[in-house]
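I have placed the structure first, in the form of structure tokens, so that the comments after it can refer back to it.
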Amino acid sequence: MVKKAVKATKGKPKTPTKYVYFFGNGKAEGKGGLKELLGGKGAGLAEMTNLSIPVPPGFTISTDACVEYIRRRRKYPPGLWDTVLKNMTRLEKTMSMGFGDPSNPLLVSVRSGARASMPGMMDTVLNLGLNDQTVQGLIKKTHNERFGCDAYRRFIAMFSTIVMDVKREVFEECLQAKKTSLGCTHDIDLNARALRELINEFKILVQRHAGRDFPQDPIDQLRMGTNAIFDSWNGDRAITYRRLYKIPDAWGTAVNIVAMVFGNMGNDSGTGVVFTRSPSSGAATLFGEFLSNAQGEDVVAGIRTPLPIAKMETAIPSAYKALTKIHRKLERHYCDMLDLEFTVQKGQLYMLQTRVGKRTGIAAVKIAVDMVKERLITKEEAVLRVEPEHLEQYLYPVFDPSAEARFTKQGKGLPAGPGAAAGKIALTPEQAIAMKAAGDRVVLVRMETSPDDIHGMSASSGFLTARGGMTSHAAVVARQMGKVCIAGCEAVEVEGDSSVRIGSARFNKGDFISINGFDGSVYEGDIPVMASEVVQVIQGTLKPEKSERYQYFSKVLQWADTFRSLDVRANADAPDQAAVARGFGAQGIGLCRTEHMFFAEGRVEIMQNMIMARTTSDRMKHLDELLPLQKQDFIGLYRKMDGYPVTIRLFDPPLHEFLPKREDLMVQVARAELTGEDPATLAKTKRMLARVDELHEFNPMLGLRGCRLGILMPEITRMQVRAIIEAACEVTKEGGNIFPEIMVPLIGTWGEMRTQKQVIQDVASQVMAEYHKVIPYQVGTMIELPRAAIMAGEIAEEAEFFSFGTNDLTQTVFGFSRDDASKIINFYMTMQDRCPHCQAMDIDQKTMVCRACGFQIAKRLDNILSGDPFTTLDQKGVGGFIEIAIERGRAARPDLKIGICGEHGGDPSSVEFCHRAGLGYVSCSPYRVPIARLAAAQAAINHGVIAERKPSARRATRPASKRGKTATRSRR
Ligand code: PEP
Ligand code: MG
């Protein structure tokens, strides 16, 4: 069949690819829906033409043509140039002008326009077609010598900079010298004679710097200009932008060749850029700027300060009226906030661009909600309009943007915990606590943090670490606590306990520093911050009805909740975190890391004594001391999570984390021996050192941790289960509805699960009998090891629920250490931008020569990783294990409850994977709960709501057999 079909088409003449799309006289060959082919700008121009909106005529060379041009090593595909020339002729006819005609010259703009908006990243050439003859025609036609000369000198400078690689400063210096010699301040003060002189001087400069004359043939100019736009797709700026916003290299840019209209023909002319609503607040008013008697580049270049758009009403009333009409028409047509560019030529308004406007998260939510109220879009569309990550802008304090620009940046790291924090530098947790106690704001700066820094961390507004990645200790704690964090900032060198070098500056403890957790920037000094209203409402210090921001934020999330089938829980291990999580809409706790509770004041010592104990009975004595404390913690959590499930993970970290560092103890012993210190203390330190030595492991993350600890020392599991069930019995007595889920960490085999489950059931039955209560608890496990995923069928015979611990699962599937793999991961992600010879990231993209070592790169290397798998789930690899585990687990136990509690639970694309994989819930840091709620809704909308309307969290906790068809089951 296939062969036949091939045969049948063989003889047919191939339809030539259409590369060029004309628009003009109220009709366009393209349309708004062809953004991929025509780029955003080309599609917008075509759509506006079809809507009878005044647009100067022109044509778009498609992105396909650019892709072919690049593929053919800077050569056009066959027929392209002839088609361009044919369309030029059509444009000449439409305009009744001639390209290169000295008496009636047609001038064009040549502008880039990719599928995704890449503002300012690629090039534009205006006034193309001017030469020594056509400039005379322009002057004659406009009766304005100054205007003609001004257009020509601009064109020479712009064309030579963009197309002929002459440095912009060459022309700027010459222009400045002319103004100085004539005593002028602004370009506009230069008369025609001065501009004529400048034209000659510019031409000499072109000859000197480009080694050739400025091209006088308009067709040459057109070809060179088109090439330059295609080439700008691979310019440094465009490549950096693509990397940043994950825009594929393969898309290419379109080229728009449009008849010039002039905004610099007097005071009834001008140019401007407007947004149909405020892109920063979302307010529904025309927002933007206007510059009279100016061309497009003047607005961007900041040569003169533009006026607020409202001033255009008095400057050119008729054009302003037309603009307000068009903006409404376009908004109603596109049903979105738009970014418009226009030019007014002698009172006549022309639209040069329309595209969906970029906006802040705050604006995105407001615009989406308002547009539903205005019946422009549906609630479903509103939910899809807001990027989940954008919600963070509602939650965290932010730097006052105007202030931030005034401070000196000293370094950049990974933006691990979003927000803005400014405060005094503390270099140890103790300093942080003391500074906080003295009423100071504190930023804790460390090489890296560890669990015993926790008090200092909670006393700080933010953390800055020299090492570590997005799931390092500092990063995880920051997101859980809602603190700002920059991790892995290589500019940081901590010099002992009293000073730190960051970039070019040395700071002492107590000096001010500011960290921007949205982009990883570190600044010298104290940048003022603005508080988030939403957080104030959640914390109860601001009434919801007093905050319009909160109302918008919660509205879009309420709508999201009606679409999603995934439940969203929080990772929280303290009542205050649980309260925040509930405030953000968490439907339970998906992970309570109980070991965090042991780092609280006064408990570390008990833990140390417990670890030091040599016998079980001795150890139990210390565990008995911990029991009431741990029980109190659970009571606090249950009260905040009344009616919702609380997953409590048994003790997970290696024991040595609770003991002092080996090297520190060795120093203490040596010092005490030298100085003849108190023998009792010396003996205690020696005992501690011996125990630390005994527990020492080369690879503690793969050593005595997780369930292994509970199996070796079951008394720890016993104490924790007793605390969990006793607390549940007591809160139930108060009338609470408590659903504990006891989670065993780091299971690899059925035997491990079985052994721990027996201990758990034994203690739980005992406690319930003592209290005469029945607590509907479940016992399950984390899936964090490849073996656990593969053996999920067996494990599910015992486990009543699975929770994917994707931090450890990523670590063990990849074999990357989660605490220090960021360097290699970063390297893997940037191969494409590096010189394969010297690894420098400084490659001239046009010539492909390394600027650092001069190596000529023949072929670009592929990136080994496209993203950090600790941030965004590796769907093929780690996700593959998850899918296997789900399939095998559910085959063994159809009502198996399945969730995820690794950091990926708050990452939108990972949440989407979880939806598709058929999980029942995601669990993430409290401050990421809104993001997960929105991401889950978007996943359901984009992939169809697979499940029936999601069960409520309360229902989800009831035994599945009583629930009937569950969301997760029906999804399979
Ligand atoms: C995990 O491994 O994904 C997890 C949640 O556990 P932790 O980060 O505490 O190891
Ligand atoms: Mg883990």
Side-chain angles (χ1 to χ4, degrees), residues 416-417 449-451 454 468-481 487 569-574 577 581 589-599 646-655 657-658 699-710 720 741 743-748 752 780-789 801-821 868-874 877-879 881-882 885 898-907 910-911 913-914 919 921-926 928 932:
T449 61
S450 70
I454 206 86
M470 294 294 275
T471 55
S472 62
H473 178 262
V476 171
V477 172
R479 288 196 288 270
Q480 189 149 337
M481 289 182 168
R569 300 193 192 178
N571 295 351
D573 34 67
Q577 290 170 13
I589 289 180
L591 172 63
C592 163
R593 291 177 164 102
T594 51
E595 65 274 8
H596 283 184
M597 298 167 165
F598 296 121
F599 285 107
V646 176
T647 308
I648 299 172
R649 180 180 72 184
L650 301 178
F651 202 82
D652 182 23
L655 283 180
E657 280 195 5
F658 291 90
N699 226 334
M701 288 303 268
L702 298 177
L704 187 57
R705 61 173 292 221
C707 67
R708 297 161 199 169
L709 195 69
Q720 288 200 292
E741 295 170 348
M743 183 154 77
V744 187
L746 219 75
I747 284 284
E752 287 175 327
T781 182
M782 295 188 80
I783 301 288
E784 302 179 275
L785 297 172
R787 189 177 197 284
F801 64 88
F802 283 176
S803 178
F804 290 101
T806 44
N807 302 334
D808 274 308
L809 192 58
T810 301
Q811 167 167 263
T812 50
V813 167
F814 270 96
F816 278 146
S817 157
R818 60 193 268 189
D819 289 319
D820 46 32
D868 182 342
F870 286 105
T871 307
T872 298
L873 192 79
D874 160 47
V878 179
F881 277 97
I882 292 177
I898 305 184
I900 178 178
C901 64
E903 287 302 298
H904 303 90
D907 168 67
S910 313
V911 171
F913 171 86
C914 293
L919 265 66
Y921 69 88
V922 296
S923 186
C924 55
S925 321
R928 291 193 79 82

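Residue indices begin at 1 and follow the sequence shown. Read the numbers this way: they start at 1 and go in the same order the structure lists the ligands and their atoms.
Distance CG/Leu591 to OG1/Thr647: 7.5 Å, rounded to 0.5 Å.
Salt bridge annotation for Arg705-Asp808: present, with a cationic side-chain nitrogen under 4.0 angstrom from a carboxylate oxygen. Looking at Arg818 and Glu903, no side-chain N of the basic residue comes within less than 4.0 Å of a carboxylate O on the acidic one, giving no salt bridge.
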Please tabulate, line by line, the atom pairs linking an N/O of ligand 1 to a protein N/O at a distance below 3.5 Å, with the distance in Å to 0.1, or answer 'none'.
| residue | atom | partner | partner atom | Å |
| --- | --- | --- | --- | --- |
| ligand 1 | 2 (O) | Glu784 | OE2 | 2.9 |
| ligand 1 | 2 (O) | Asp808 | N | 2.9 |
| ligand 1 | 2 (O) | Asp808 | OD2 | 3.0 |
| ligand 1 | 3 (O) | Gly805 | O | 3.3 |
| ligand 1 | 3 (O) | Thr806 | N | 3.0 |
| ligand 1 | 3 (O) | Asn807 | N | 2.7 |
| ligand 1 | 3 (O) | Asn807 | ND2 | 3.3 |
| ligand 1 | 6 (O) | Arg649 | NH1 | 2.9 |
| ligand 1 | 8 (O) | Arg593 | NH2 | 2.8 |
| ligand 1 | 8 (O) | Asn807 | ND2 | 3.0 |
| ligand 1 | 8 (O) | Arg818 | NH1 | 3.4 |
| ligand 1 | 8 (O) | Arg818 | NH2 | 2.7 |
| ligand 1 | 9 (O) | Arg593 | NE | 2.7 |
| ligand 1 | 9 (O) | Arg593 | NH2 | 3.4 |
| ligand 1 | 9 (O) | Arg649 | NH1 | 2.9 |
| ligand 1 | 9 (O) | Arg649 | NH2 | 3.0 |
| ligand 1 | 10 (O) | Asp808 | OD2 | 2.9 |
| ligand 1 | 10 (O) | Arg818 | NH1 | 2.9 |

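Listed by chain and residue number, the protein N/O/S atoms under 2.8 Å of the Mg ion (ligand 2) are Glu784 OE2, Asp808 OD2, with waters left out.
Between Phe870 and Phe816, the two ring planes are tilted [angle within 30° to 60°]. Between Phe802 and Phe804, the two ring planes are perpendicular [angle over 60°; tilted spans 30° to 60°].
When all heavy atoms of Ile900 and Ser803 are compared, the pair lying nearest together is C-OG, 4.0 Å.
Judged purely by distance below 3.5 Å, without hydrogens or angles, the side chains of Ser923 and Asn571 pair a donor atom with an acceptor atom.
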Inset, instruction - Carefully, step by step, assess Cys901 and Met743 under the rule side chain to side chain contact (heavy atoms under 4.5 Å, CB included). - result: CA-CA 11 Å; Cys901 64; Met743 183 154 77; 4.3 Å; yes
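Two residues are said to be in side-chain contact when any heavy atoms from C-beta on lie closer than 4.5 Å; Glu657 and Pro700 fail this criterion.
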